[in-house]
Visitor: 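Take a look at the following structure, please.
Quick note on labels: first sequence line is chain A, next is B, and so on, each numbered from 1.
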Number of protein chains: 2
Amino acid sequence: MPRTRPQSPKPTSAPSAELESNVGYMLRRAQLAVFADFVACQSAPRTRPGQYAVLLLIGRHPGLSQSALCDQLSIKRANLVPLLNELKRRGLAIRRPSLTDRRSNCLYLLPAGEKLVARVQKAERIHESRIVQLLGTQRQQQLLTMLEQLSHLRLSAPKAD
Amino acid sequence: MPRTRPQSPKPTSAPSAELESNVGYMLRRAQLAVFADFVACQSAPRTRPGQYAVLLLIGRHPGLSQSALCDQLSIKRANLVPLLNELKRRGLAIRRPSLTDRRSNCLYLLPAGEKLVARVQKAERIHESRIVQLLGTQRQQQLLTMLEQLSHLRLSAPKAD
DNA sequence: GCATTTGATTATGCACTATAACAAATTGCA
DNA sequence: TGCAATTTGTTATAGTGCATAATCAAATGC
């Protein structure tokens, strides 16, 4: 009986020593693992980190415009459009024309969206607790601080100022 | 005079407080910034982190097979193919049929590949020094350690063991 | 009032990841 | 030894994330 083994025991083979001192490479690896865990901690209808971020922000700031949301998430306006279309299709959020600016839309969660956010948040707490379990609370906080600093790396001109 | 301002002063606007305590989200942000800086630290013909990783490993392990390389990098065999095609097209690396296993190829850097690796490594040192400048040596080391731990998060079964 | 800017959208492209299917070669074992 | 199973590289394909340019309507700034 062949039976394609359920998944070779290849547990994210250690990165070769050449690369494990490269911050960027390790960041990518960690990010993939953490995102996968975030999704894995959910049940039934899984929500991707990106969609979750959108839903969470809309829920926190009802009536937000698409542009404002894009600024918050550092994504391009053009890329938000299909995201919102999908959320609308799933009955999670809606666009409503602004009353004060006829160009822009106000974003709102629908009841199903509220419920989904609550559900994913529960999973997210489990997910984060798994991280704390791995790093400890203090180091997790240090990690967040460092990641925040790194996200400002923005080419501050390697040459002069 | 209109002059489309060179880039609105939107310096990676701070992530909304709702998300900045989310490790996954902050990892993604930091990773994007770090990758961008890695590329920005190079001159002339920029090399992406992915291609660089491939070239570096081939350089360190001449004769490596494609499968072995994929294992090291945790990428799928199918995705390495176009990558290698591109490297061959640019005259940076080649496949040579293995003498001991006629299924597999041995990978080698061409002189141009060697030179490119050396050049990018120089940029990489500058890039990493910019990170150290931001975090300090000790915290950078702590960061690497934590990222390594996180990359092993792999669903260790949230339920039981 | 008219030039400029802004908000949302469409179209498009690139990079990365993932899966399934396949042929040729190798391996394992009965 | 012979045949089933696995491995290697490949093709085809799909989904996701990010980016740019062009467009239209609406708002803003002299």
Visitor: Less than 3.5 Å apart, any donor N or O on the side chain of Gln72(B) or Arg60(B) sitting next to an acceptor on the other?
Guide: no
Visitor: Decide whether Arg48(B) and Tyr52(B) meet the rule of one side-chain donor and one side-chain acceptor closer than 3.5 Å.
Guide: no
Visitor: Send over the distance from Asn85(B) CG to dT10(D) P, rounded to a whole Å.
Guide: 7 Å
Visitor: Is there a donor and acceptor pair closer than 3.5 Å between the side chain of Arg103(A) and the base of dA27(D)?
Guide: no
Visitor: Applying a 4.0 Å non-hydrogen cut-off, can you work out what Leu80(B) is touching in the nucleic acid: base, sugar-phosphate, or nothing?
Guide: nothing
Visitor: So, does Arg28(A) get its side chain near the phosphate of dT17(C), meaning an N or O under 4.0 Å from OP1 or OP2?
Guide: yes
Visitor: Checking all strands, does Asn79(B) fall into the base, sugar-phosphate, or nothing category for heavy-atom contacts under 4.0 angstrom?
Guide: base
Visitor: Under 4.0 Å between a side-chain N/O of Arg95(B) and OP1 or OP2 of dT10(D), yes or no?
Guide: yes
Visitor: Do Arg77(A) and Ser67(A) get their side chains close enough for a donor-acceptor pair, meaning under 3.5 Å?
Guide: no
Visitor: Picking from dT19(C), dT9(C), dA19(D), which would you name as closest to the side chain of Lys76(B)?
Guide: dT19(C)
Visitor: Would you tell me if any nitrogen or oxygen in the side chain of Arg102(B) comes within less than 4.0 Å of OP1 or OP2 on dT26(C)?
Guide: yes
Visitor: Using a 6.0 Å distance limit plus a 45 degree cone around the ring axis, check whether Arg28(B) lies over the aromatic ring of Phe35(A).
Guide: no
Visitor: Side chains of Arg139(B) and Gln149(A): any donor to acceptor distance under 3.5 Å?
Guide: yes
Visitor: I need the CZ-P distance between Arg48(A) and dT17(C), as an integer number of Å.
Guide: 14 Å
Visitor: Assign each of Cys106(A) and Leu32(A) to its nearest nucleotide of DNA chain C by heavy atoms, then name whichever residue's nucleotide is nearer the 5' end.
Guide: Cys106(A)
Visitor: Base, sugar-phosphate or nothing for Ser65(B)? Non-hydrogen atoms, less than 4.0 Å.
Guide: sugar-phosphate
Visitor: What's the CZ-C1' distance between Arg46(A) and dG15(D), to the nearest Å?
Guide: 17 Å
Visitor: On DNA chain C, nearest-nucleotide positions of Ser104(A) versus Ala78(A): which is more 5'?
Guide: Ser104(A)
Visitor: Rounded to whole Å, please give me the gap between CG in Leu99(B) and P in dT26(C).
Guide: 12 Å
Visitor: Whole angstrom is fine here: how far is it from CD in Gln51(A) over to P in dG15(D)?
Guide: 14 Å
Visitor: Does Ser67(A) make a side-chain N or O approach to OP1 or OP2 of dA8(C) shorter than 4.0 Å?
Guide: yes
Visitor: Within less than 4.0 Å of OP1 or OP2 of dT7(D), is there a side-chain N or O belonging to Gln66(B)?
Guide: no
Visitor: Is there a donor-acceptor contact under 3.5 Å linking the side chains of Gln31(A) and Arg29(B)?
Guide: no
Visitor: Can you tell me the distance, in whole Å, between the CZ atom of Arg77(A) and the C1' atom of dT5(C)?
Guide: 11 Å
Visitor: Can you measure Leu69(B) atom CG to dT8(D) atom P for me and round it to whole angstrom units?
Guide: 13 Å
Visitor: Round to a whole Å and report the spacing from CG of Asp101(A) to P of dT5(C).
Guide: 17 Å
Visitor: If you only use heavy atoms from C-beta on, which nucleotide in dT26(C), dT5(C), dA8(C) is closest to the side chain of Asn105(A)?
Guide: dA8(C)
